[in-house]
Amino acid sequence: MQLEQQSHRRFNPLTNEWVLVSPHRTQRPWQGAIEALPPSNRPQYDPTCYLCPGNERAGGVRNPQYKSTFVFENDFAALRKDAPLARLDVQDKGLLVAEGEPGTCRVMCFSPRHDLTLSSMSVGEIEEVVRTWTNQFTELASLDGIKHVQIFENRGEMMGASNPHPHCQIWATSSIPQAPARELASQHAYLQSRQSCLLCDYVKLEQSEQARIVFSNESFIALVPFWAIWPFEVLLCSRRHLGTLPEFNPREVTQLSEILKQIVSTYDRVFNVPFPYSMGFHQSPIDKSKHPEWHFHAHFYPPLLRSATVRKFMVGFEMLGTSQRDITPESAAEKLRSLVKPIA
């Protein structure tokens, strides 16, 4: 099968889903929406930014004059701690069903500087971010009723970021969300049927293929997954079989910081703009059960398709049928590899 030329579909073993790949469509002309470029320069401090040190947030609370990372409860949280754990099933038919979902939503600023991103921060500064992520995971995982902690970053207006100040969100939920729940089921089934870890085996296979790896170090590997949906999607996996951030040793904290900076700075060179993306860590659930099947990883989902102003939209067949992509994962990985530079 000529994967670089013919339409075909690829299987995602993590989610048990398929993606349609149509490499011949990369030549079609684009007459769709054109996105605006993000501002090229931002000040170190913005008096109108509700995340900068000393400024008042939208909810009326004033930020401290923080010097490093800063975490606070989201002023407009999607989850409430006092939501009742009740269940509704109208007429017990399983058709009109609702459940209470108590939880906690936090915002974490990476730096007091308004103009920085993970790509422009030093490795040492990113290490402090990783340590704060670890502390937040440990704290939230210890709360009664919490089964999952999701750390994620939306970068850029195109991905819905409401503020350019470098920050992420941390949500702790009383249920396991759909995406990690699907991955949990797939990894569990793989372990049961093959007595080995799905992502450990996948990383070994990708290392033997060498077609989709973008960069790696002793502790982590970053690649465009074989089943990627987004044009320049990246999957980041730990080499050691780990479940959560608190299991990392100091060397792994440093090397995670290095590869995060490498991923984002390489993204920024694709179209020479701050590259928008949604990024999130998928860690083992904290539902009081052991999860030997779970392997620590992170997903980067960037929407830019052909230029800084042309994005991929999930519409039509992708909403009603199957996810579809034009640029093959192999060509995307080759493009990213060509832009890799040593980190400062």
Please list, chain by chain and in numerical order, all residues satisfying side-chain hydrogen bond (donor to acceptor under 3.5 Å, both in side chains) with [X], sequence neighbours excluded.
X: Asp92; value: none
X: Arg212; value: Glu206, Glu330
X: Ser323; value: none
X: Ser111; value: none

Under the rule for side chain to side chain contact (heavy atoms under 4.5 Å, CB included), what residues qualify as partners of [X], not counting sequence neighbours?
X: Arg9; answer: Trp18
X: Arg62; answer: Glu56
X: Ser338; answer: Lys335
X: Lys93; answer: Gln91, Leu95

> Relative to the ring of Trp227, is the ring of Tyr202 parallel (under 30°), tilted (30 to 60°) or perpendicular (over 60°)?
Replying inline: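 Tilted.
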Can you give the donor-acceptor pairs under 3.5 Å from side chains of residues 214-224 to other protein atoms, not counting sequence neighbours?
| unit_1 | atom_1 | unit_2 | atom_2 | d |
| --- | --- | --- | --- | --- |
| Ser216 | OG | Arg239 | NH2 | 3.2 |
| Asn217 | OD1 | Ser219 | N | 3.0 |
| Asn217 | OD1 | Phe220 | N | 2.8 |
| Asn217 | ND2 | Gln255 | O | 3.1 |
| Ser219 | OG | Gln255 | OE1 | 2.7 |

> For residues 164-191, which residue pairs qualify under salt bridge (charged side-chain N to carboxylate O under 4.0 Å, His left out), counting only residues two or more places apart or in two chains?
Replying inline: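 Residue pairs passing salt bridge (charged side-chain N to carboxylate O under 4.0 Å, His left out), neighbours aside: Glu17-Arg182.
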>> Counting C-beta onward and ignoring hydrogens, is there a side-chain heavy-atom pair between Asp46 and Asn55 closer than 4.5 Å?
In response: no
> By salt bridge (charged side-chain N to carboxylate O under 4.0 Å, His left out), which residues pair with Glu252, not counting sequence neighbours?
Replying inline: Arg240
> For Arg87, which residues count as a salt bridge (charged side-chain N to carboxylate O under 4.0 Å, His left out) partner, sequence neighbours excluded?
Replying inline: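 Salt bridge (charged side-chain N to carboxylate O under 4.0 Å, His left out) check on Arg87 returns Glu99.
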